[in-house]
Amino acid sequence: MKKITIAIDGFSSCGKSTMAKDLAERIGYVYIDTGAMYRSVTLFAIRNRLFNSDGSVKANELENHMKDLHISFRLNEETGRPDTYLNGELVETEIRGMEVSNHVSAIAALPFVRTAMVAQQQQMGRDKGVVMDGRDIGTTVFPDAELKIFVTASAEVRARRRYDEMRGKGQPADYAEILKNVQQRDYIDTHREVSPLRKADDAIELDNSSLTIEQQNAWLMEHYQRAAQD
Ligand SMILES: Nc1ncnc2c1ncn2[C@@H]1O[C@H](COP(=O)(O)OP(=O)(O)O)[C@@H](O)[C@H]1O
Ligand SMILES: Nc1ccn([C@@H]2O[C@H](COP(=O)(O)OP(=O)(O)O)[C@@H](O)[C@H]2O)c(=O)n1
């Protein structure tokens, strides 16, 4: 089997990271959650009061702060999966909350944020052997990836999955608020000027609305084996 690059893109909350983490663990690849990077920049901006009251970003100020912002991943021995650190602080729980979810797509639309994140992602994946998930991995970060997947499911199915996940973790969750957030992020992510979310021409599409997690993992493994064949 040759070492390849695997790009998994698609809409919010459709199961990208679930399938990406499972595959990476099983084949010994590094998993990189690029959404966690945009979420970390957003947390930094919230903490440093870089949002105006109308939700727009104080872009010039954030740009000046970008050099103070360091995002890294460290393997969690217990879960076997990477945790996200912002300037050395574990932020895994905080970046998944609704406040960050409600602001992240505005941050991710800023060209200077994308340039900085994409450069780090390309560096992290330079030796191949990575499964990277996000919105622009197959189109912008690794346009030459040997395997590209584009995942979709209806907004209602995706909101239900996120709702169940949050409730399962004992977090407060409101289905209507989550659905609205998913729809708003879909809109901003597909309409922004720089690297909008879209299926790469050579990506394989997977609508997993009626697939179980086990079925989609098996589907991805099959595609990996085909793509990595010598
Ligand atoms: N095929 C599926 N059926 C039901 N739930 C799923 C499926 N795939 C993923 N999930 C669940 O949906 C939620 C969102 O999945 P996640 O992988 O975080 O999505 P994404 O990375 O696309 O945002 C998680 O709680 C996950 O366990
Ligand atoms: N490669 C990426 C990854 C995420 N993002 C942005 O970051 C947000 C959060 O990404 P995520 O993957 O954590 O979102 P979920 O699908 O987990 O809800 C997305 O809604 C996008 O606005 C992006 O623009 N480009």
Side-chain angles (χ1 to χ4, degrees), residues 7-24 31-43 45 57 71 81 84 91-92 94-111 113-122 124-125 131-142 145 149-169 171 173 178-179 181-198 200 206-220:
I8 302 186
D9 290 305
F11 293 95
S12 157
S13 313
C14 55
K16 302 180 299 297
S17 63
T18 303
M19 61 201 282
K21 278 180 208 165
D22 178 83
L23 180 67
Y31 164 63
I32 297 164
D33 174 358
T34 63
M37 300 172 74
Y38 292 95
R39 286 175 178 274
S40 298
V41 179
T42 306
L43 179 63
V57 189
I71 299 158
R81 289 171 176 186
T84 314
V91 291
E92 196 51 41
E94 220 175 328
I95 60 169
R96 311 286 169 194
M98 281 315 287
E99 195 183 4
V100 169
S101 295
N102 283 331
H103 289 90
V104 62
S105 290
I107 292 285
L110 295 168
V113 172
R114 301 208 70 81
T115 304
M117 295 303 111
V118 168
Q120 283 187 33
Q121 290 152 13
Q122 288 172 335
M124 288 170 177
V131 187
M132 199 173 277
D133 83 338
R135 302 291 185 286
D136 61 339
I137 312 306
T139 52
T140 302
V141 182
F142 290 115
I149 309 293
F150 191 83
V151 194
T152 65
S154 75
E156 288 74 17
V157 165
R158 293 184 279 127
R160 171 61 56 186
R161 288 176 182 171
R162 187 62 88 208
Y163 172 82
D164 290 342
E165 177 186 336
M166 292 174 84
R167 291 300 291 257
K169 287 182 185 162
Q171 293 168 353
I178 293 172
L179 178 61
N181 173 258
V182 159
Q183 288 169 329
Q184 271 174 347
R185 282 200 284 137
D186 287 354
Y187 184 84
I188 301 173
D189 293 347
T190 48
H191 287 80
R192 68 182 175 225
E193 269 182 37
V194 187
S195 302
L197 168 63
R198 67 169 184 83
L206 172 69
D207 181 338
N208 69 359
S209 300
S210 56
L211 290 189
T212 64
I213 290 176
E214 290 69 31
Q215 285 172 328
Q216 76 199 16
N217 287 345
W219 180 92
L220 182 60

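All values reported here derive from a predicted model rather than from experimental measurement. Both ligands and their constituent atoms are indexed starting at 1 by order of listing. Note that these values count all heavy atoms, side chains included, but never hydrogens, waters or copies made by symmetry. For this chain, numbers begin at 1 and follow the sequence in order.
Counting only non-hydrogen atoms, the option in Arg39, Glu165, Gln184, Arg114 that gets closest to atom 25 (N) of ligand 2 is Arg114. Around atom 4 (C) of ligand 1, the closest heavy atom drawn from Met166, Arg161, Arg96 belongs to Arg161. Comparing His103, Met37, Arg135 against atom 12 (O) of ligand 2, the shortest heavy-atom distance belongs to Arg135. Residue nearest to atom 7 (O) of ligand 2, selected from Val104, Asp9, Val100: Val104 (by heavy-atom distance).
With ligand atoms numbered from 1 in the order given, ligand 2 contributes 16 (O) to contacts under 4.0 Å with heavy atoms of Lys16. Within ligand 2, counting atoms from 1 as listed, the ones closer than 4.0 Å to a heavy atom of Asp136 are 1 (N), 2 (C), 25 (N). Residue Ser12 approaches ligand 2 through these ligand atoms, each under 4.0 Å from one of its heavy atoms: 16 (O), 18 (O). Atoms of ligand 1 lying under 4.0 Å from any heavy atom of Gln216, numbered from 1 in the order shown and given with element: 1 (N), 2 (C), 7 (C), 8 (N), 9 (C). Each of the atoms 20 (O), 22 (O) of ligand 2 lies under 4.0 Å from some heavy atom of Ser105. Atoms of ligand 2 lying under 4.0 Å from at least one heavy atom of Asp189, given by number and element, are 19 (C), 20 (O), 21 (C), 22 (O). Per-residue contacts place Ala108 under 4.0 angstrom from the following atoms of ligand 2 (heavy atoms of the residue considered): 6 (C), 22 (O), 24 (O).
Here Thr18 has heavy atoms under 4.0 Å from ligand 1 in both its backbone and its side chain. Only the backbone of Thr212 comes within contact range of ligand 1, with a heavy atom under 4.0 Å; no side-chain atom does. If you look at Met19 next to ligand 1, there are no close heavy atoms at all, none under 4.0 Å. No part of Arg158 comes within 4.0 Å of ligand 1, judged by heavy-atom distances.
Residue contacts with ligand 2: Asp133 is placed with no nitrogen or oxygen under 3.5 Å of a nitrogen or oxygen of the ligand (distance criterion only). In terms of polar-atom proximity, defined here as any N/O pair under 3.5 Å, Tyr38 makes no such contact with ligand 2. For ligand 2, the polar-atom distance check finds no N/O of Asp33 at less than 3.5 Å from any of the ligand's N/O atoms.
If you check the side chains of Arg162 and Ser13, you find a donor sitting under 3.5 Å from an acceptor.
Counting heavy atoms of neighbouring residues, nucleotides and ligands inside a 6.0 Å radius, atom CD of Gln122 exceeds 12 of them.
The shortest contact between atom 16 (O) of ligand 2 and any protein heavy atom is with Ser13 N, 2.9 Å. With respect to atom 3 (C) of ligand 2, the closest heavy atom belonging to the protein is Thr34 OG1, 3.3 Å. Ranking protein heavy atoms by distance to atom 15 (P) of ligand 2, first place goes to Arg162 NH2, 3.3 Å.
Ion pair Asp33/Lys16 not flagged as a salt bridge, since none of the NZ, NE, NH1 or NH2 atoms sits closer than 4.0 Å to an Asp/Glu carboxylate oxygen.
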